[in-house]
Structure formats: C-alpha cells, structure tokens
Student: 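There's a structure below that I have some questions on.
Heavy atoms only: backbone and side chains are in, while hydrogens, waters and symmetry mates are out. A note on names: the letters A, B, ... follow the listed sequences, proteins ahead of strands, and every chain is numbered from 1.
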Protein chains: 2
Amino acid sequence: MPRADTARDRILDAFQRVLISSGERAATLDAVAAAAGVSKGGLLYHFASKDALVDGLLERLDTFAAADDERMRSAPEGTVDYVIRTSVEEGSAFDEALIAVSRLAQGSHEKARTALAAVRARWETAIAAAVGDPAVARTIMLVSDGLYYNSTLLGAFETSDTRDGAMDELLAVLGRLTPASPGPAAAS
Amino acid sequence: MPRADTARDRILDAFQRVLISSGERAATLDAVAAAAGVSKGGLLYHFASKDALVDGLLERLDTFAAADDERMRSAPEGTVDYVIRTSVEEGSAFDEALIAVSRLAQGSHEKARTALAAVRARWETAIAAAVGDPAVARTIMLVSDGLYYNSTLLGAFETSDTRDGAMDELLAVLGRLTPASPGPAAAS
DNA sequence: GTCTATACCCGGATAGAC
DNA sequence: GTCTATCCGGGTATAGAC
C-alpha cells in the first residue's frame with residue numbers, strides 16, 4: 001500500500017515531499033498540487049480539504065507504524081539496537097511519513113503531535129520490554145529522542161555522525177547501562 | 001536588560017508569550033500588538049518588519065545564552081547536572097526566550113534554527129569539558145536533547161516526569177557512564 | 001510615538017465548464 | 001476526474017492623521 005499508482009497516493013507522496021524539503025508553511029495546496037502534477041481543484045477532488053489531506057497522511061503513518069512495531073520486536077540485533085539505529089533518518093517509507101508528520105507537528109497541528117506521541121509510545125514500551133530497568137529504558141528512549149531531534153529538527157547527523165563508528169560507539173556506551181547483559185543490550 | 005519598561009522590551013515580551021502559548025502561526029503582528037497593548041502600527045514603529053521583530057528576539061536570546069554559559073561552567077552541582085536539569089522547562093528568562101525561538105524554528109525560520117544550534121553547541125562543549133570521554137559526552141548531550149524535545153515539542157514532562165525523583169534517577173543512570181568519578185558527573 | 005485606514009498578497013475553498 | 005475562475009479571510013506593510 002506504500003506507493004500505488006492511485007491519484008490519492010501520488011498526492012500524499014507529493015505532500016510528504018514538500019513537507020520534508022520545505023516545511024509546513026510551504027506545504028500549501030498550491031505547492032502540493034504542483035508537486036503532484038495536478039491543479040488545486042484536482043487535488044481538492046481527492047481530498048475535500050486540507051484537513052482531509054492531513055488525515056490521509058496520518059492514516060498512512062499509522063499503517064507504517066504498525067508494520068514497524070513487528071519488525072522492532074523481532075529485530076535480530078535486539079530491540080534497542082534497532083530503535084537507536086532507526087532514530088536517525090535513513091530513507092524508509094516509514095521514515096518519510098514520520099518526518100513529514102513531524103514537520104506538521106512543528107507547526108502547531110494537534111493531531112499530528114498526538115500521532116507522533118503514539119509512535120514514540122510504541123518505541124518506549126518495546127524498549128522497556130527489552131531492558132529490565134525502567135530508569136535505563138527511559139534514558140535510552142531519551143537518547144533516541146535526542147537523535148531524532150537532531151536528525152529531523154536541527155538537520156544535524158546527516159553525514160558525519162551517522163556514518164562510521166559513531167552509532168556503534170553510542171550503542172556501546174548504552175550497552176554499559178544494562179547490567180543484565182554486558183554486551184549489546186538484550187534482545188526481545 | 002531582561003524586562004525594562006521600554007516599549008521595545010514590552011513588545012518582545014508579548015512576542016515571546018504568544019509564541020510560547022500559541023505557536024508560530026498564531027504569532028501574527030496583530031496578535032503580538034494586542035498582547036503588548038499597542039496597535040499594529042505602533043508595533044511597526046519599533047520593529048519595522050516582522051523580520052526585525054524576530055531579529056530582536058534572537059538578539060535577546062544571545063544575551064541570555066552568554067550569561068547561561070558562565071553559570072553552567074561554574075555550577076556547584078557540576079556541569080552535567082546543571083545542563084540536564086535545565087533541559088526541561090523551568091521558567092527562567094533564558095528558558096522563555098529559548099522556547100520562543102524554538103517555536104520559531106519549528107516553522108521553518110532558518111535564522112532561528114541556527115541560533116538554536118549555537119546554544120546547543122555551547123552546552124555540548126561544556127559537557128565535553130566536564131566529562132573526559134567524548135562518546136559519553138555525546139550520549140549525555142543526546143539525553144539533554146531528548147528531554148528538550150519532549151518538554152518543548154511533545155509537551156511531555158510537564159508534570160509527572162519533572163517532579164519527584166525522575167530527574168535524580170536519570171542523573172544517577174548517567175553518572176554510571178563516567179568512569180572517572182563514580183558519583184554525580186565531574187564538575188567543571 | 002502611537003493610532004486608523006487602506007493597499008496588497010496569498011492561502012483555502014467553492015462553482016461550474018469540460 | 002480534472003481544469004479554470006472566483007470569492008473570502010487574514011497577514012504584512014504603507015500612508016498619513018493626531
């Protein structure tokens with residue numbers, strides 16, 4: 001269901017693209033329509049209002065989030081490893097929807113913020129299940145939030161910090177926090 | 001220089017207030033003028049354009065940031081303790097300016113994002129100076145970012161997580177990361 | 001130094017042709 | 001199903017009175 005050739009999906013793709021590259025304010029109906037290769041009126045046939053367009057994006061995010069939930073819990077490298085590594089942008093369809101919604105949330109959009117919080121909650125419970133100590137789980141979740149903040153909001157970690165051993169180094173540091181298993185944090 | 005009775009400062013205060021409570025989109029010239037108790041025209045006499053208004057706020061932030069820099073390095077509880085605890089909103093003048101600029105950065109405003117990154121850079125170097133290991137310093141900075149993200153963007157940690165022992169617990173976990181001094185992280 | 005009035009532009013949404 | 005034309009509201013900025 002990611003990028004079918006239906007017009008709806010092509011418009012949602014365009015919406016995401018504009019949102020990610022130019023921010024919420026720039027994501028006007030005109031801009032999205034242009035990016036999707038239709039007119040404003042054409043867009044409004046598929047999504048009756050801008051709110052409907054947002055809802056469409058939020059729905060898409062939810063679909064991806066559910067799929068991610070499974071992958072996260074069954075990740076062979078362990079849940080913590082998976083969450084930390086995917087905290088920083090890597091270009092998956094889920095990621096793109098997430099960042100797009102993030103841009104929306106940055107504006108003021110309440111529904112977008114709620115959706116974002118819901119995704120975060122999934123991660124948090126998964127981490128808590130993976131590591132025993134709740135205080136440690138909270139710390140790890142905060143590191144994930146920090147990575148996400150830098151990656152999507154400040155625009156850092158695009159090149160230098162993501163590559164090389166920076167992530168491994170970080171995971172090694174976090175691994176020291178889980179007394180149960182001394183190495184990389186416990187798996188699911 | 002925080003809140004003199006000059007009209008300029010009263011307008012900047014109002015700008016901050018609207019930004020914090022209602023977000024960037026709501027911070028129109030009309031709204032700010034009303035909150036400051038002047039008319040739109042009156043506001044535009046002091047700040048010739050909205051851009052000038054933003055610049056005024058950014059200048060104010062810079063002043064506060066410089067003062068915070070000193071306090072951070074000479075904090076009796078240690079730099080790490082200071083940075084982590086102040087990562088979450090507490091109502092200081094610096095905090096208010098910071099959150100206001102944060103709201104601006106959320107929109108798309110490039111200058112605001114740069115200013116925010118500059119403040120973050122101050123913290124990061126201070127932490128790096130306080131703890132020896134650069135990987136540990138980066139981890140701590142990410143936790144600070146995470147707290148900030150939750151506090152200002154997601155609106156979490158307003159009540160439950162800030163109070164009680166949550167912060168102490170978090171600092172205890174982070175303290176385990178600094179091999180040099182087993183207790184609370186090393187001071188400046 | 002502060003106000004009112006107004007010009008101008010832009011974003012969202014509707015109407016109706018094709 | 002997609003287009004063009006148009007309306008409406010609201011945001012920035014200017015002009016000029018007081």
Student: Check this for me, if you would: do A/Arg10 and A/Asp13 make a salt bridge, where the nitrogen-to-carboxylate-oxygen distance has to be below 4.0 angstrom?
Tutor: no

Student: Taking 4.0 angstrom as the limit, do B/Arg176 and A/Asp133 come out as a salt bridge?
Tutor: yes

Student: Could you check which residues of residues 41-57 of chain B get a heavy atom under 4.0 Å from DNA chain C? Sort them by number, please.
Tutor: B/Gly41, B/Gly42, B/Tyr45, B/His46

Student: Which atom pair, heavy atoms only, marks the closest approach of B/Ala33 to B/Lys40?
Tutor: CB-N, 3.8 Å

Student: Just one of A/Thr139, A/Leu142, A/Asp145, A/Leu147 clears the side chain to side chain contact (heavy atoms under 4.5 Å, CB included) bar with B/Leu142, so which one?
Tutor: A/Leu147

Student: Do the side chains of B/Leu57 and B/Val18 join up, straight or via other hydrophobic residues, at under 4.5 Å, putting them in one cluster?
Tutor: no

Student: Identify, residue by residue, the members of residues 22-40 of chain B with a heavy atom below 4.0 Å from DNA chain D, and return them in order of residue number, or none.
Tutor: B/Thr28, B/Leu29, B/Lys40

Student: Show me the pairs that pass ring pair (Phe, Tyr, Trp, His ring centres under 6.0 Å) and involve residues 123-150 of chain A, at least two apart or across chains.
Tutor: A/Tyr148-B/Tyr149, A/Tyr149-B/Tyr148

Student: Any carboxylate oxygen within less than 4.0 angstrom of a Lys/Arg side-chain nitrogen, looking at B/Arg17 and B/Glu96?
Tutor: no

